[in-house]
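Data first, discussion second: the structure below is written as structure tokens.
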2 protein chains.
Amino acid sequence: MTPRRQQILSTAADLFAARGFHGVSMGDIGAAVGVSGPALYKHFASKDDILGQCLLHASDQLLAGARELLPDAEAAPGDALEALIARHADFALDNPALIVVQEREWGALGADTRAQVRKRQLAYVDVWCDALRPLRPDLSAAQARAAVQAAFGLLNSTPHSARIGRGAMHALLTSMAHAALLPWTVTRPGGPGPSR
Amino acid sequence: MTPRRQQILSTAADLFAARGFHGVSMGDIGAAVGVSGPALYKHFASKDDILGQCLLHASDQLLAGARELLPDAEAAPGDALEALIARHADFALDNPALIVVQEREWGALGADTRAQVRKRQLAYVDVWCDALRPLRPDLSAAQARAAVQAAFGLLNSTPHSARIGRGAMHALLTSMAHAALLPWTVTRPGGPGPSR
DNA sequence: TCCGCTGGTTAATGATCGTTAACCCCTGTG
DNA sequence: CACAGGGGTTAACGATCATTAACCAGCGGA
């Protein structure tokens with residue numbers, strides 16, 4: 001993939017995240033990358049194509065990252081979920097625009113592209129559920145999916161706040177997600193807890 | 001407020017949540033309430049006015065509901081956060097469209113209305129922080145705000161899943177939010193836990 | 001040197017949108 | 001009965017948008 005394409009996709013994702021797909025014109029995207037309007041058709045077939053490539057790229061990255069983690073965790077199954085949480089937090093902190101666009105604009109996609117993105121998203125949720133369910137046998141399959149989606153909502157809250165540094169945010173989000181999904185495994189640190 | 005106005009606001013919120021503010025035309029909103037296009041100007045000054053009233057109404061309801069809870073909780077301060085979580089989960093489950101629009105379209109507002117909505121949202125976060133910080137003295141003010149926003153993200157994940165019934169969803173969300181914000185107070189129920 | 005391709009440009013086209021204008025019906029009240 | 005006003009209609013206007021057309025500069029290979 002040519003660097004121009006990547007630049008356009010990244011810039012468009014930022015604009016879509018800030019103003020919504022229908023709130024951004026081709027002229028806006030072109031101006032943001034230093035060319036003007038119709039030049040974008042040399043790289044993409046249409047505005048919908050730009051959005052589609054954004055979402056396909058984002059869902060691909062998330063799913064591939066999660067699957068990359070799985071072989072390592074077979075020996076210590078309890079750590080798989082931990083790794084998924086940390087990886088997702090990294091992705092959300094590094095690509096807030098992709099996170100926002102992915103959860104906001106999937107309805108603006110054509111049926112075919114939407115199906116492809118949906119497939120990746122469902123597969124991603126499945127990876128999480130496979131990691132969660134052995135640790136939470138009290139949850140039904142549907143409950144596990146809902147819990148995973150809720151954890152995504154927590155981790156994806158990054159774009160709405162981020163007043164503390166990236167490292168602190170990462171630590172906060174991962175610890176909260178861990179507690180939300182595996183509440184009984186939390187150990188109180190040595191420092192002053194809330195009971196005092 | 002006349003019932004027609006409320007019908008328009010509610011219908012518009014659903015449409016805005018589904019397709020985004022710029023993805024909905026005045027004709028769409030009119031058709032959804034059974035009138036056509038320009039008739040809406042008998043009730044609202046402009047399309048932006050409709051969005052503004054939606055967001056003002058939503059932020060008002062959330063903030064008023066939270067403040068209504070506070071006096072009752074003065075005797076038992078530890079329960080204030082519990083009540084806020086339960087109330088927010090109720091609101092999110094009952095008004096998914098308002099939740100989506102509120103976190104998605106605030107950027108499309110005019111400066112004046114945006115400031116009003118922002119003020120209510122900040123006050124709402126403050127209510128949560130005031131309830132949380134006595135229970136979590138280990139968190140700085142900024143960390144508490146970020147944690148509260150993350151809890152919102154968790155509770156607001158409702159529109160993205162909701163495959164289990166409302167009661168089960170409410171129980172799941174409140175227990176996860178509790179564990180995420182107050183991890184050390186979680187008690188394992190008598191039933192079969194993950195430790196077998 | 002000529003040629004074709006890549007990646008630009010500006011102008012034009014047709015559709016859609018927010019908004020206004022002009023008009024109309026109904027209903028309650030003097 | 002006259003009539004004012006609330007709530008609706010269709011038609012029209014100007015702006016904006018996605019997309020296409022037509023054209024052009026640079027450049028690597030025959």
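As a basis for the values below, the full set of heavy atoms in this structure was taken, side chains included, without hydrogen atoms, waters or symmetry mates.
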Nearest-Å distance for atom pair [atom1]/[atom2], residues [X] and [N]:
{"X": "A/Phe44", "N": "C/dG7", "atom1": "CZ", "atom2": "P", "result": "12 Å"}
{"X": "B/Leu51", "N": "C/dG18", "atom1": "CG", "atom2": "C1'", "result": "15 Å"}
{"X": "B/Phe16", "N": "C/dG18", "atom1": "CZ", "atom2": "P", "result": "9 Å"}
{"X": "A/Leu40", "N": "C/dG8", "atom1": "CG", "atom2": "P", "result": "9 Å"}
{"X": "B/Asp49", "N": "C/dG18", "atom1": "CG", "atom2": "P", "result": "14 Å"}

**Message:** Counting only side-chain nitrogens and oxygens, does B/Lys42 get under 4.0 Å of the OP1 or OP2 atom of D/dG6?
**Reply:** no

**Item:** Ring-face cation of A/Arg118 near A/Trp106 (centre distance under 6.0 Å, axis angle within 45°)
**Value:** yes

**Asked** Is it the case that A/Lys47 places NZ or CZ above or below the six-membered ring of A/Tyr41, under 6.0 angstrom from the centre and within 45 degrees of the axis?
**Response** no

Selected nucleotide, minimal atom distance to [X] side chain, candidates [options]:
{"X": "B/Val35", "options": "D/dT19, D/dG8, C/dG8", "result": "D/dG8"}
{"X": "A/Pro38", "options": "D/dA18, D/dG8, C/dA11", "result": "C/dA11"}
{"X": "B/His43", "options": "D/dG7, C/dT19, C/dG8", "result": "D/dG7"}
{"X": "B/Tyr41", "options": "C/dT19, D/dT19, D/dG8", "result": "C/dT19"}

**Asked** Any donor and acceptor pair, going by atom type alone, linking the side chain of B/Ser59 with main-chain N or O of B/Leu56 inside 3.5 Å?
**Response** yes

**Asked** Under 3.5 Å, is there a donor-acceptor pair between the B/Ser25 and B/Asp28 side chains?
**Response** yes

**Request:** Say whether B/Gln116 and B/Asp112, considering side chains only, have a donor N or O and an acceptor N or O under 3.5 Å apart.
**Result:** no

**Request:** Flag the pair A/Phe16 / A/His22 as yes when their ring centroid distance falls below 6.0 Å, and as no otherwise.
**Result:** no

**Message:** Quick check on contacts: within residues 18-28 of chain B, what sits under 4.0 Å from DNA chain C by heavy-atom distance?
**Reply:** B/Val24, B/Ser25, B/Met26

